[in-house]
Asker: 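Provided herewith is a single structure, encoded as structure tokens, for subsequent inquiry.
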Amino acid sequence: MGDKVRKKSAQLKKLGFIASVVLLTPQVMIAQTEAEEAIECFVEATRTWKVTCDPSPAVSVGEVMLHPDNYPSELVGEIVRGLKELAVSSPISQVRIAAVGWLALKGEVFEAHSGSTVKELEEIYFSTPFGDVRRGIASKIRLQLAKNDAVSFLERAAEAPATSDEAGIDLPSPRIALHSLASMGELGRATLRRLSIMGTVTDPVAKRYLKNLADVNFRLPKE
Amino acid sequence: MGSADTVSLVGDLEVAPRGWSWDSSSFAYDSTAGLDCGDFGPVYLPGDSLYLAENTRTTNCDTGLYDPSIVSYPDSGYSEAQILDGGPNDSLWYVTEATYFMDRGAVLNPFITPGGYRDTLTHNKDKNDCLGALGTIVVNLFEFNWFCRGDSLNFASFLEGVYKHEGYGSGALNGHQGRNEAAAMNPGWDPHTRAETMVHETAVSLRAVLSTQVWLLDVAASEYGADHNFVNNNWCGKLWILDPGSRYSYSSLKLPNGQCF
């Protein structure tokens, strides 16, 4: 794995140099290379549940997401871009979900990053073809500090159809979005009331769930 | 060296594993303790998605398996402490105890229970059968199958199949709870193992990373436990189900993937 990472990194440096003639600054080039190495290591570690990169990259995905203000914005941007790409295109479910989990972290800890993190998660939600990623986002978005942004996103998520790979899934992503709204207090309940009146939820499982929630005034069991 | 250099040592710091894992009290399952989380509706024909039962948490309706639920209680499930001994690790935070568990139950769709919603029959044969058996034409799904059509053995085996599907299956790891517990026991998906080695500079970062990691494990285990490509074949057969405005029809019940449930 270490050889593979270094080889890829060398290729990227070469490509980065060519591109830099046109538009990339040296800082961006370095950030791209470091981010690429970190993402490669992240994929391998997530896939195998072990840290297998040797030597481990100086920058880890988790470290950057946990301390985004300690790193150059170019590097943070490149890591975010890499995680978003994994969430919409990795063939491995646990890699996709882990990408979402780590990306969400900075919005759960830092107020300054919370609004932009919701936006990034929303972009993934509406561009990934994978239902597991959407179910994960619809569930975890509740932990974002930017509650208003999260509720607005969940409203849009509840209205959107489930992905095609969710056919027959017991709890498809629009249904989970509704549940998250119901878990977010009066702010979420107000949105659920609006969705119920407007009738804009189309997924059949979610539609039935919204009707059942309306019957109990949008309050969850044991709340 | 001709002059003094400053050297930074960089490495991953972690607590040596302490053998943490689930224990005999970690898993609880009660086939009557699941929560009605709002997913159930009437069981009529034609039905694109008829929910018969669910395997849920017993304390709330969050997705996921592990308790306390990570999305509702991200600060729970562990205790932390700060090292204050003046030594090389002074001020770092670590996990002193991990107390994750799994408390789940099954819940039947009320519509299929003996107390389920009663419809007024309109079809002559349906009416005659129920008048003869029960003296009424206002019956529910249970009563129609059990009494009007005298299919009690079939209905009992159907209910047994439903409970097996939500619970421990019929012997081949083909019940939701059986797979839930098997997933949790996978060493790679055990939150205790993940928690025991963790060290961070602050309690906030410890919480953030641990809750993210446990969430990832929980999602992986949940997808494993919910997979109907494996949770199936606990019952194969037919029930009498009402097409409102028409009549009861003897209908096969299958999972959306076409397999018996």
Side-chain angles (χ1 to χ4, degrees), chain A residues 46 48-51 56 58 60 62-63 65-67 93-94 97-106 108-110 131-133 135-136 138-143 167-172 175-176 178-180 182-183 204-216 218 220-223, chain B residues 10-12 34-42 47-49 51 54-64 69-72 74 107 176 186-189 193-194 200-202 204-209 211-220 222-224 226-229 255-258:
Chain A
T46 304
T48 61
W49 298 107
K50 293 174 190 159
V51 179
S56 35
S60 82
E63 169 67 14
M65 291 299 101
L66 190 57
H67 302 291
S93 176
Q94 65 197 46
I97 299 294
V100 168
W102 288 110
L103 180 58
L105 188 61
K106 61 187 170 58
E108 295 169 8
V109 179
F110 302 102
D132 54 3
V133 171
R135 292 194 293 279
S139 163
K140 195 171 171 59
I141 199 88
R142 273 197 274 159
L143 296 179
I169 291 281
D170 283 349
L171 305 178
R175 145 69 175 85
I176 293 177
L178 291 173
H179 178 80
S180 290
S183 312
V205 174
K207 206 171 174 175
R208 185 172 60 229
Y209 183 64
L210 181 60
K211 181 181 174 300
N212 294 348
L213 280 177
D215 290 343
V216 292
F218 306 105
L220 293 170
K222 298 204 175 183
E223 189 185 6
Chain B
V10 178
D12 293 331
L35 295 182
D36 183 340
C37 291
D39 292 308
F40 298 131
D48 56 348
S49 183
Y51 279 61
E54 273 191 291
N55 175 307
T56 71
R57 297 176 190 274
T58 62
T59 49
N60 69 38
C61 291
D62 284 355
T63 54
S69 159
I70 290 300
V71 287
S72 287
V107 55
H176 284 299
N186 177 339
W189 292 344
T193 312
R194 202 52 64 98
H200 271 268
E201 296 162 342
T202 65
V204 170
S205 63
L206 181 74
R207 193 280 292 169
V209 170
S211 70
T212 297
Q213 295 237 4
V214 174
W215 180 77
L216 300 177
L217 306 182
D218 195 357
V219 170
S222 303
E223 297 273 333
Y224 182 90
D227 193 342
H228 281 141
N229 289 310
L255 291 167
N257 62 12

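What you see below is based on every heavy atom in this structure, not just the backbone, and it leaves out hydrogens, waters and symmetry mates. Proteins get letters first, then strands, A, B, ... in listed order; numbering begins at 1 in each. Please read all numbers here as calculations on a predicted model, not as lab measurements.
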Asker: Holding to ring pair (Phe, Tyr, Trp, His ring centres under 6.0 Å), I want the full list of residues that pass it with B/Y224, two or more places apart in sequence or in another chain.
Answerer: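 B/Y224 satisfies ring pair (Phe, Tyr, Trp, His ring centres under 6.0 Å) with B/W189 once adjacent residues are dropped.
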Asker: Identify the two heavy atoms, one from A/N212 and one from B/G38, that lie closest to each other, and give their separation to 0.1 Å.
Answerer: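 Here A/N212 and B/G38 meet closest at ND2-O, 2.7 Å.
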Asker: Are the side chains of B/D62 and A/R142 in contact, using a 4.5 Å heavy-atom criterion?
Answerer: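 Yes; the side chains approach each other to less than 4.5 Å.
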Asker: Taking all atoms of both residues into account, what is the closest heavy-atom pair of A/I169 and B/Y51, and its distance?
Answerer: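 Answer, listing the atom of A/I169 first, then B/Y51: O-OH, 4.3 Å.
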Asker: Let's test your reading of the structure: which of B/C61, B/G64, B/A208, B/P74 forms the most heavy-atom pairs below 4.5 Å with chain A?
Answerer: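 Max contact count across the listed options: B/C61.
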Asker: If I compare all heavy atoms of A/A98 with all of B/L216, which pair ends up nearest, and what's the gap?
Answerer: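 Between these two residues, the closest heavy atoms are CA-CD2, 3.4 Å.
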Asker: Check whether B/V71 gets within reach of chain A through its side chain, its backbone, both or neither, counting any heavy atom under 4.5 Å.
Answerer: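 For B/V71, the contact with chain A is made by backbone and side chain together.
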Asker: So which heavy atom on B/C37 is nearest to which on A/P221, and how close?
Answerer: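 Of all heavy-atom pairs spanning B/C37 and A/P221, the closest is CA-CG, 4.2 Å.
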Asker: Relative to chain A, which segment of B/A226 carries a heavy atom at a distance below 4.5 Å: side chain, backbone, both, or neither?
Answerer: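 Looking at B/A226, nothing touches chain A.
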Asker: Please list, chain by chain and in numerical order, all residues satisfying salt bridge (Lys or Arg N to Asp or Glu O under 4.0 Å) with A/D170, sequence neighbours excluded.
Answerer: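 By the salt bridge (Lys or Arg N to Asp or Glu O under 4.0 Å) rule, A/D170 matches no residue at all.
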Asker: Closest approach of A/W102 and B/Q213, non-hydrogen atoms and distance?
Answerer: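 Heavy-atom minimum between the residues: CZ2-NE2, 3.6 Å.
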Asker: If I measure from the heavy atoms of chain A, does B/S222 come under 4.5 Å with its side chain, its backbone, both, or neither?
Answerer: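 Answer is neither: B/S222 stays 4.5 Å or more from chain A.
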Asker: Please look at A/I97 and chain B and tell me whether the side chain, the backbone, both or neither of the residue comes under 4.5 angstrom of a heavy atom of that chain.
Answerer: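 Both the backbone and the side chain of A/I97 come within 4.5 Å of chain B.
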Asker: Just so I understand: if I count every heavy-atom pair under 4.5 Å between each of B/L255, B/D227, B/V209 and chain A, which residue has the most?
Answerer: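 Top option by heavy-atom pairs under 4.5 Å: B/V209.
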Asker: Give the C-alpha distance, both sets of side-chain angles, the deciding distance and a yes or no for side-chain contact (heavy atoms from CB on, under 4.5 Å) between B/E223 and A/D132.
Answerer: CA-CA 8 Å; B/E223 297 273 333; A/D132 54 3; 4.0 Å; yes
Asker: Of all heavy-atom pairs between A/E108 and B/R207, which one has the smallest distance, and what is that distance?
Answerer: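 Smallest heavy-atom distance, with atoms named: O-NH2, 3.9 Å.
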Asker: Heavy-atom pairs under 4.5 Å with chain B are the metric here; pick the option from A/S93, A/A206, A/G101 that has the most.
Answerer: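 Most heavy-atom pairs under 4.5 Å with chain B: A/G101.
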Asker: Would you say that A/L171 contacts B/D39 through its side chain, given a criterion of any heavy-atom pair below 4.5 Å between the two side chains?
Answerer: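 Touching, per the 4.5 Å side-chain cut-off.
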Asker: Evaluate A/M65 against B/T212 for side-chain contact (heavy atoms from CB on, under 4.5 Å), listing each step before the verdict.
Answerer: CA-CA 11 Å; A/M65 291 299 101; B/T212 297; over 6 Å; no
Asker: Can you tell which part of A/S139 gets under 4.5 Å to a heavy atom of chain B, answering side chain, backbone, both or neither?
Answerer: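 A/S139 touches chain B through backbone and side-chain heavy atoms alike.
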Asker: Give, as side chain, backbone, both or neither, the part of B/T193 having an atom under 4.5 angstrom from any heavy atom of chain A.
Answerer: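 No part of B/T193 comes within 4.5 Å of chain A.
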Asker: Is there a side-chain contact between B/N60 and A/L220 (heavy atoms, below 4.5 Å)?
Answerer: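 When only atoms from C-beta onward are counted, A/L220 and B/N60 do not touch, as no gap falls below 4.5 Å.
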Asker: Would you say the side chain of B/S72 lies within less than 4.5 Å of the side chain of A/S183, judging by non-hydrogen atoms?
Answerer: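 No - every pair of side-chain heavy atoms lies 4.5 Å or more apart.
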